**Student:** 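Sharing a structure here in structure tokens format.
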Amino acid sequence: MYALVDCNNFFVSCERTLDPALENQPVVVLSNNDGCVVSRSREAKDLGIPMAAPAFKFKELFKEHNVKSFSAKFELYNFKSQQVIEIAKSYVLDYEVYSIDELFLDFTGFKYINIHDYCIEIKNRIGKEANIPVSIGIAPTKTLCKVANRIVKKYPDNFDGVFILDTPDKIEKALKWLPIGDVWGIGRRLAVKMNDNGVHKAWDLLQKPEMWVRKVMGIHGIRMINELKGIRQLELDAPSPKKSIAVTRSFMEMLTQKEEVRERVETFGMYCSERLRKQNTCCKMITVFVQTNRFRKDLPEYKNAVTQILPNPTNSSILIGRVVNELFEAVFKEGFHYKKAGVIVNDFVPEDQRLINLFEEDTQNQHLPVMKAMDALNKKFGKDKVRLGSMSGENTYGRKQLSPEYEAFLKNNTFTEANFRFH
DNA sequence: TCTGGGGTCCTAGGACCC
DNA sequence: TCTGGGGTCCTAGGACCC
């Protein structure tokens with residue numbers, strides 16, 4: 001059996017660890033620029049606030065029902081995530097961190113232990129020591145763990161936070177209850193297609209011919225069917241280094257000046273190179289994109305991306321910055337109101353296994369010691385204390401709604417992004 | 001006024017090879 | 001008029017996840 005440990009309303013629960021007075025209150029956490037709702041307490045969900053709701057559209061509702069809203073504090077969430085992981089993983093031999101608020105546990109070989117009770121204990125300890133409420137779904141496959149977890153969250157009074165989906169009877173009942181769109185791996189597009197073809201519940205999918213599923217969903221579909229039947233197709237994955245790194249931001253205000261946008265993009269490039277060095281890899285490919293505000297139909301729209309393949313792999317901020325600049329020149333057009341931009345790096349090789357192009361100059365190795373020294377200084381004295389001349393050090397996105405408790409938290413805790421693995 | 005920021009995998013099609 | 005049958009690699013785009 002596997003188990004999926006999933007934190008309830010994770011970002012909101014983190015906020016509540018800072019301020020217990022938020023308990024039983026409607027609370028939401030907002031994305032960058034305080035733009036969208038990205039986490040909602042149960043009370044906020046009950047008020048009808050949808051996921052990803054634009055905050056400005058719900059201002060009135062927030063006021064009316066005294067909904068507390070907070071800017072996202074990723075340092076805090078990463079820190080709490082680590083605490084939860086540390087506790088949960090101490091109960092098993094193998095596990096997989098799936099996202100900031102979810103991890104799978106492997107109970108293979110736990111023959112003489114009551115897994116359900118064991119998970120109750122895990123849940124209680126996380127609640128007590130990390131102060132984060134979790135739900136645990138137990139099942140023979142990852143996909144069924146997701147189903148079990150959904151059942152726990154749907155019927156909190158019935159299951160005390162833990163539900164085990166093990167017998168064929170229970171599985172059939174669960175799949176006849178679960179809407180197809182709630183199956184792990186079925187997104188919005190596929191859900192529509194499924195409904196059009198008479199598939200409304202997860203169970204309906206199992207009644208369809210395999211050829212049909214293969215045609216509509218590709219190889220995913222076949223795997224999904226087996227997983228739902230309890231036949232394991234997905235193993236727990238070992239932590240792996242990232243295969244791409246992206247730094248993208250919406251701007252608080254639209255930018256029209258070329259040099260303003262350039263400065264942002266150069267900064268994003270530098271963050272990319274820092275993250276590359278953190279995992280000791282170099283990239284062979286860089287993409288720069290810019291776009292206008294897609295919601296402003298009154299303004300001319302423009303979005304574009306350009307990519308360059310590097311002659312020699314690098315993670316030097318200087319070399320990456322140079323390429324980012326060239327790409328920016330290629331992609332930027334005068335006369336638009338820019339709302340968002342980003343840099344994405346791809347195609348990684350380990351720092352010490354670079355294949356060098358004989359005919360191109362390669363200065364990566366001259367840069368590396370300087371770069372590593374810069375990283376060390378920034379780690380010691382704070383983000384962006386040492387930076388390239390092209391960076392302003394200012395942010396053009398904002399987090400207005402930080403709380404005083406957070407300042408205290410930042411003072412009392414040390415943590416690094418490196419501890420945390422994004423999925 | 002105001003609409004997030006990351007990631008992964010698969011597939012189809014084109015370029016090229018013998 | 002008639003024009004094979006394999007491969008591989010790369011890329012763009014589309015789907016999904018949190």
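No experiment lies behind these values; they were computed from the predicted model shown. Labels below follow one simple rule: chain letters A, B, ... track the order of the sequence lines, proteins then strands, and each chain is numbered from 1.
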**Student:** Between B:dG6 and A:T248, is there an OP1 or OP2 to side-chain N/O distance shorter than 4.0 Å?
**Tutor:**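 So the side-chain polar atoms of A:T248 do come within 4.0 Å of the phosphate oxygens OP1 or OP2 of B:dG6, strictly under.
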**Student:** With a 4.0 Å cutoff (strictly under), does any side-chain N or O of A:R223 reach OP1 or OP2 of B:dC9?
**Tutor:**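 Checking A:R223 against B:dC9: no side-chain N or O falls below 4.0 Å of OP1 or OP2.
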**Student:** Could you tell me whether A:K193 contacts a base, only the sugar-phosphate backbone, or nothing, with contacts defined as non-hydrogen atoms closer than 4.0 Å?
**Tutor:**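 The residue A:K193 makes no contact with any strand.
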**Student:** With a cut-off of less than 4.0 Å, is there a side-chain N or O of A:R296 near OP1 or OP2 of B:dT1?
**Tutor:**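 Negative; the distance criterion is not met.
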**Student:** C1' atom, B:dC17 versus C:dG4: distance in rounded Å?
**Tutor:**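 Here B:dC17 and C:dG4 have their C1' atoms 15 Å from each other.
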**Student:** Closest nucleotide of DNA chain B for A:M217 versus for A:V247: which of these residues is on the 5' side?
**Tutor:**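 Looking at the nearest nucleotide for each, A:V247 comes out on the 5' side.
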**Student:** Where the side chain of A:K242 is defined as all heavy atoms beyond and including C-beta, which of C:dC18, C:dA15, B:dT8 is the nearest nucleotide?
**Tutor:**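 Per side-chain heavy atoms of A:K242, the pick is B:dT8.
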**Student:** For B:dC18, what is the paired nucleotide under Watson-Crick or G-U wobble rules, both distances under 3.5 Å?
**Tutor:**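 Its partner is C:dG5.
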**Student:** B:dC9, OP1 or OP2 - any side-chain N/O from A:K243 closer than 4.0 Å?
**Tutor:**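 Yes, within the criterion.
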**Student:** Considering only NZ, NE, NH1 and NH2 on the basic side and carboxylate oxygens on the acidic side, decide whether A:E15 and A:K73 come within less than 4.0 Å.
**Tutor:**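 Yes.
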**Student:** Side chain of A:N32 only, please: which of B:dG7, B:dG4, B:dT3 is the nearest?
**Tutor:**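 Given the options B:dG7, B:dG4, B:dT3, the side chain of A:N32 is closest to B:dG4.
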**Student:** Considering heavy-atom distances to DNA chain B, does A:P241 or A:I219 have its closest nucleotide positioned more toward the 5' end?
**Tutor:**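 Upstream on the strand: A:P241.
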**Student:** Which of these nucleotides, B:dT3, B:dC10, B:dG7, is closest to any side-chain atom of A:A246?
**Tutor:**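 Side chain of A:A246 sits closest to B:dG7.
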**Student:** Taking the side chain of A:S244 as its heavy atoms from C-beta onward, which of B:dC10, B:dT8, C:dC17 lies nearest to it?
**Tutor:**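 The listed nucleotide nearest to A:S244's side chain is B:dT8.
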**Student:** Would you say A:R188 reaches C:dC17's phosphate, i.e. side-chain N/O to OP1/OP2 under 4.0 Å?
**Tutor:**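 It does not, given that no N or O in the side chain of A:R188 lies less than 4.0 Å from OP1 or OP2 of C:dC17.
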**Student:** Please check the phosphate of B:dT11 (OP1 and OP2 only) for any side-chain N or O of A:R214 closer than 4.0 Å.
**Tutor:**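 Answer is yes, contact under 4.0 Å.
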**Student:** Do the side chains of A:D362 and A:R354 get close enough for a salt bridge, i.e. N-O under 4.0 angstrom?
**Tutor:**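 Counted as a salt bridge, because a side-chain N and a carboxylate O are separated by less than 4.0 Å.
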**Student:** Inspect the contact between A:E75 and A:K80 and indicate whether a charged nitrogen and a carboxylate oxygen are less than 4.0 angstrom apart.
**Tutor:**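 No.
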**Student:** Separation of A:F62 atom CZ from B:dC2 atom C1', in whole Å?
**Tutor:**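 In whole Å, B:dC2 C1' and A:F62 CZ are 12 Å from each other.
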**Student:** Does C:dC18 have OP1 or OP2 sitting under 4.0 Å from an N or O in the side chain of A:K146?
**Tutor:**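 For C:dC18, OP1/OP2 do have a side-chain N/O of A:K146 under 4.0 Å.
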**Student:** Using a 6.0 Å distance limit plus a 45 degree cone around the ring axis, check whether A:R16 lies over the aromatic ring of A:F11.
**Tutor:**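 No, a cation-pi geometry is absent between A:R16 and A:F11.
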**Student:** On the nucleotide B:dG5, are OP1 or OP2 found under 4.0 Å from the side-chain N or O atoms that A:S250 carries?
**Tutor:**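 For B:dG5, OP1 or OP2 has a side-chain N or O of A:S250 closer than 4.0 Å.
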**Student:** Taking only Lys NZ, Arg NE, NH1 and NH2, and the carboxylate oxygens of Asp or Glu, determine whether A:K68 and A:D19 approach each other closer than 4.0 Å.
**Tutor:**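 A:D19 and A:K68: not salt-bridged.
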**Student:** Compute the centroid of each ring, for A:F74 and then for A:Y77, and state whether the two points are separated by less than 6.0 Å.
**Tutor:**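 Yes; A:Y77 has its ring centre under 6.0 Å from that of A:F74.
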**Student:** Under 6.0 Å between ring centres: does that hold for A:Y118 and A:Y91?
**Tutor:**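 Ring centres of A:Y91 and A:Y118 closer than 6.0 Å.
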**Student:** Would you tell me if any nitrogen or oxygen in the side chain of A:N293 comes within less than 4.0 Å of OP1 or OP2 on B:dT3?
**Tutor:**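 Answer yes for this pair, as a side-chain N or O of A:N293 is under 4.0 Å from OP1 or OP2.
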**Student:** May I ask you to say what A:I309 touches in the nucleic acid, namely base, sugar-phosphate or nothing, with a heavy-atom cut-off under 4.0 Å?
**Tutor:**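 Sugar-phosphate, backbone atoms only, no base.
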**Student:** What is the distance, to the nearest angstrom, from the CG atom on A:N78 to the C1' atom on B:dG5?
**Tutor:**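 A:N78 atom CG is separated from B:dG5 atom C1' by 13 Å.
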**Student:** Between B:dT3, B:dG7, C:dC17, which nucleotide has the shortest distance from any of its atoms to the side chain of A:R275?
**Tutor:**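 Output: B:dG7.
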**Student:** What's the CZ-C1' distance between A:F58 and B:dT1, to the nearest Å?
**Tutor:**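 Computing the A:F58:CZ to B:dT1:C1' distance gives 18 Å.
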**Student:** Is B:dT11 paired to anything, Watson-Crick or G-U wobble with both distances less than 3.5 Å, and if yes, which nucleotide?
**Tutor:**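 C:dA12 is the nucleotide pairing with B:dT11.
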**Student:** Please give, in whole Å, the distance from C:dC18 C1' to A:R40 CZ?
**Tutor:**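 These atoms are roughly 14 Å apart.
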**Student:** Closest to the A:L190 side chain: C:dC16, C:dC18, B:dC10?
**Tutor:**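 Nearest to the side chain of A:L190 among the choices is C:dC16.
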**Student:** From NZ of A:K303 over to C1' of C:dA12, roughly how many Å is that when rounded to an integer?
**Tutor:**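 Those two atoms, NZ and C1', are 14 Å apart.
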**Student:** Calculate the interatomic distance between A:F74 atom CZ and B:dG7 atom P; express it in whole Å.
**Tutor:**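 Going from CZ in A:F74 over to P in B:dG7 covers 12 Å.
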**Student:** How many whole angstroms separate atom CG of A:D101 from atom P of B:dG5?
**Tutor:**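 It is 19 Å, rounded to the nearest whole Å.
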**Student:** Separation of A:I245 atom CD1 from B:dG7 atom P, in whole Å?
**Tutor:**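 For the pair A:I245 CD1 and B:dG7 P, the rounded distance is 7 Å.
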